[in-house]
Amino acid sequence: MAQISALLYLYVNVCCIILGNVALEYDTKAPEVTARGHFIIGGMFPLHQGVDTYNNSSFAPQSHKCVGISVGSIVLLLAMMNAIDSMNKSPFLMDLDITLGYRVQDSCRDVSMGLRATADFIEQAKCGTGHASSTCDQPVVAILGSSFSEMSIVVARHLALDMIPQISYSSTAVILSDKRRFPSFMRTVPNDKHQTAAMVQLIKHHGWNWVGMVISDGDYGRSALEHFADQAAKSGICLAFKCVLPSTGTDEDLHSAFRMAVQTIYQNPKARVIVSFSKSSHMKDIYQEMRNEVLRKGQSMESMRRVWLASDSWSMASYVQGDLSLADIGHVVGFNFKTIKHSSFSEYLDRLEATGSNNTWINTFLQEFTMQTNISDPVSQVVKIIRENMNPATVLSVELAVAAITQAIASLCRSRDCKTPGNLQPWEVLEALRRNEFECHGRKYTFDNLGDINQGYDVALWRSIEGKIDVHDIVAEYSPQVSSFTLTDSNSTGRFHDLQQIVSKCSNSCMPGEFKKTSEGLHTCCYECINCTENYYSNDTDMDECMSCDKKTEWSPQGSALCLPKTVIFFTWQDRFALALLAFSGLGILLVLLVSALFLHKRDTPVVRAAGGPLTQVILYSLVVSFISVVLFVGRPRSLQCKVRQMLFGISFTVCVSCILVKSLKILLAFQSNIDMQGALRKVYQSYLIVVACVAFQVTICICWLVLKSPYKHVVSQPKTMLEYCHEGSYVAFGVMLGYIALLAFVCFVCAFVGRKLPQRYNEAKFITFSMLLYLTSWMIFVPIYITADGLYLPAVEMVVILISNYGIIGCHFLPKCYIILFRKAQNTSSAFREKLYQYNVKSTESFSVSGTSVSEKHFSNKESVRHSPSEKDFVKPAAEKNYSNRATFRVSYRGQNKVSDRYSSHRRSISLPAFPD
């Protein structure tokens, strides 16, 4: 009871003060409500929604009657009164024994009424300065207001002349942050640049890029449109349309403008998201006109549904729905200033309701509201209506403004006498406001260098509860410092992301693998989707262009969303062709080893000794190395492998051909009829020295090749693969190496061709001729193929040629001899060899007798032919057969002649086939 009595006493006193000072006048002076104090805070609220039509027939100053009480502004007025009352009881002022009063004027949402109120504030601010009028009252040190940016801009220009601080609780136009034009203006809310940025982030977060915009004409709407359009364009968001709703005009003009705006909305059905920086009254008219348009066309109410992004000007005005439901309107996402859960204003309303006395209606504006609502219980009903129309964020903004002014005054009055009028000037309060930090509800605040307090935004998603719209369902918070949203809880997360199911695009999204192609003259958000070409990809939706793959290591098919690594290919061990060639190589090695073993076992037989004796083993093992080199052509190339394989083949095959060359030279030596030539050949003929010299020259070629430009691993990038192979480094060196072997083979071929008419079973010359011819032919075919071909099976080409060369030597040089050794043993004896030699000499003598009838005796008597003919020591013969060779004298009928000279016989012996060469 004591508390209630104290409250009644307080409100009775306040009521008496107000009733004694209220001046609800309808002349050239604006309506106002005041309360005394050492310092007066001016308040400007749009307590009415407009004024009556002007009397255009009179040029004299007219009285203006304000009409249509505004519940929201009544809430702000009570919030200011409560905040000042709370500050008067705070230690900030009680310790200094000073109080604050207020002088509230109604702007009626009319610029002329606002200017009159501003003039009155300026006059009161000059009290005590010597310029005041005779009706001077307590000085006005700061102004709280106005609500709308258009009004604040006008008021700020006048207050800046005397540097009277003005703090707005809801004016958000960006232009007001320009301190050069509005040096005394401040606000406890962020400017619209941050709000439009938050909306752009929300649109971008949900993947929308085709949106419409509706604004109310004026500085507030046009400023928001300018900044939103600029920020949206940077984020790839296009404006499908923009509707500007006029703020003034005849009813017919306004209705026509609203109808055109609605038709524009319906003509852009793909723009399912609409950003609105409009007055709440305009939005109510828009919704009603949309419903009327639907009914006129006989369409479903679902065609009305849109996602509406509501600015702070109407985000809490649930009454805009009129007689429509939220299901008809669609989704409304409201952006509002940050608020706190605990505020003294709720307790203030509780106290008003608890008193239950008409004395609590402490101002004429509240009384007018009570009469207009025609309610029987003014206390409880009015408080209930106030609670329903209260915007906690705006109430907090009012409380912040009052707290900032109070603590600025307190900071100045600690060092001076403030009770004397004129000792504290408004500009000093302005300086203290801009520099000092202040406290409210336990938190610290400060104005930034633009005079704003930027706490961010609460994002509310309207929802319907029992037929009523709840506009306070906060689902996310936006922080301008990090330009991101923070979801409030798990339930909000689901509802917030439900909006992503709504599509608001001019064109369907281009999927990964496609890119956007915009037609000339159209919005960038209207496009067609084109597949990326080969080796290009796009890995996200709605990409402006396809990105290129790394063409060295990657590829992609047409319309690909990623790059695929190119398959590394080489002549692998698993390839069937490679397996076949390796099988032939292994078979060749096995065959060579078997032949080597057989020749070692039969090394003393005539066939083996005639084949070359120890040199056959050198040839065979060089072939083994050559077969091994074939293996190095298979598998993933390595640098060492590339260097070794050609050198191994080149040197090993050079050894083989060099040994065959020695055999060829011996044949040429044995059957050289030119005595002088034979003598010269005998001098240079050193079998092992020739082999070493030939091989040494090839080794020199290979060393120069390795030192100057050696083979290396090379990678060729193909459309879908990467071919790894051994590059020969210098194709000139490679050609020189092969050319040298070819030269040796050609010499062998020429030398063997001379002795091609030897006895058939021991005819080395014919086999050498055929094997060298096979070698030269295969490599002649290989060279053009190798030069022109380029691919996976290029190593196989050389492998085939090497195998042909190796098998040619085995087949021509060794297999016939193996056949004789294994299956014609009777022919592998000394007697058989002598018989065959005898038959060959008889044939040769007959041929010589026929062709030599005109040969002079002088030639046969030439002693040099005997002197330079091969001696017995040049040939290895079995000891048991020497005498037979020495005694051989062939006598053949010579065209009727029965006698051949001993010299002729001696000459025939000199050209006879050596039975067992070294």
Donor-acceptor contact below 3.5 Å, side chain Ser538 vs main chain Pro512: no
Please report the closest heavy-atom contact between Trp462 and Ile469, naming both atoms and the distance. CE3-CG2, 3.7 Å
Between Pro46 and Ser107, the two heavy atoms sitting closest are CA-OG, 3.5 Å
For the atom pair CG (Asn209) and CG (Leu239), what is the distance rounded to the nearest 0.5 Å? 11.0 Å
In a table with atom names and distances, give each donor-acceptor pair under 3.5 Å that connects a side chain of residues 382-389 to protein atoms at least two apart or in another chain.
unit_1	atom_1	unit_2	atom_2	d
Arg387	NH2	Asp350	OD1	2.2
Asn389	ND2	Ile385	O	2.8

Minimal non-hydrogen separation, Val471 against Ala460, with atom names: O-CB, 3.4 Å
Aromatic rings Trp314 and Tyr287: how do their planes relate, parallel, tilted or perpendicular, breaks at 30° and 60°? perpendicular
For the cysteines Cys238 and Cys506, is the SG separation below 2.5 Å? no
With salt bridge (Lys or Arg N to Asp or Glu O under 4.0 Å) as the test, would you mind laying out the steps for Lys297 and Glu293 before giving the verdict? CA-CA 6 Å; Lys297 293 182 177 180; Glu293 188 72 16; 3.6 Å; yes
Check whether any side-chain N or O of Asn292 sits under 3.5 Å from a backbone N or O of Gln288 as a donor-acceptor pair, and report yes or no. yes
Could you go step by step and tell me if Glu289 and Arg296 meet the salt bridge (Lys or Arg N to Asp or Glu O under 4.0 Å) rule? CA-CA 10 Å; Glu289 185 58 37; Arg296 281 193 295 267; 2.9 Å; yes
With rounding to the nearest 0.5 Å, note down the distance linking CD in Glu399 to CG in Leu76. 10.5 Å
Member of Asp458, Asp312, Asn391 meeting the side-chain hydrogen bond (donor to acceptor under 3.5 Å, both in side chains) criterion with Asn336: Asn391
All heavy atoms of Tyr527 vs all of Thr524, minimum pair found to be CD2-O, 3.4 Å
Would you check if there is a donor-acceptor pair between the side chains of Ser303 and Tyr266 at a distance under 3.5 Å? no
Residue pair Tyr220 / Ser311, side-chain donor-acceptor N/O under 3.5 Å: yes
Measure from the side-chain N and O atoms of Gln407 to the backbone N and O of Glu439, and report whether any donor-acceptor pair falls under 3.5 Å. yes
Within a radius of less than 6.0 Å around NZ of Lys179, do more than 12 heavy atoms belonging to other residues, nucleotides or ligands occur? yes
Step by step, work out the side chain to side chain donor-acceptor pair (under 3.5 Å) result for Arg187 and Ser397. CA-CA 8 Å; Arg187 51 188 162 196; Ser397 296; over 6 Å; no
Quiz question: by atom type and distance under 3.5 Å, do the side chains of His282 and Ser216 form a donor-acceptor pair? yes
Taking atom CE as the centre, does Met547 end up with more than 12 heavy-atom neighbours from other residues, nucleotides or ligands that are less than 6.0 angstrom away? yes
How close do Asp323 and Arg291 get, counting heavy atoms only, and between which atoms? OD2-NH1, 2.5 Å
From Gln231 atom CD to His194 atom NE2, the distance as rounded to the nearest 0.5 Å: 9.5 Å
All heavy atoms of Ser313 vs all of Phe277, minimum pair found to be OG-C, 4.4 Å
As an exercise, state the distance from CD1 of Ile167 to CD1 of Ile405, rounded to the nearest 0.5 Å. 4.0 Å
With a 4.5 Å heavy-atom cut-off, do His331 and Val307 have their side chains touching? yes
How about CE on Met511, more than 12 heavy atoms from neighbouring residues, nucleotides or ligands closer than 6.0 Å, or not? no
Strictly by modelled atom types, are Gln195 and Asp192 linked by a side-chain donor-acceptor pair under 3.5 Å? yes
Under 3.5 Å: donor-acceptor pair, side chain of Ser479, backbone of Ser484: no
What is the ring orientation for Phe438 with Phe447, classed by angle as parallel under 30°, tilted 30 to 60°, or perpendicular over 60°? tilted
Going from CD on Glu347 to OG on Ser86, what distance comes out if it is rounded to the nearest 0.5 angstrom? 8.5 Å
Side chains of Asn454 and Asp448 only: does a donor on one sit below 3.5 Å from an acceptor on the other? no
Just to verify, what does Lys193 make a salt bridge (charged side-chain N to carboxylate O under 4.0 Å, His left out) with, not counting sequence neighbours? none
Keeping Ser171 on the side-chain end and Ser152 on the backbone end, is there a donor-acceptor pair under 3.5 Å? no
With under 30° as parallel and over 60° as perpendicular, where do the rings of Tyr457 and Phe337 fit, or are they tilted in between? tilted
Does Thr172 offer a backbone N or O that forms a donor-acceptor pair with the side chain of Ser149 under 3.5 Å? yes
To the nearest 0.5 Å, atom CD1 of Ile41 lies from atom CD1 of Ile84 at 4.5 Å
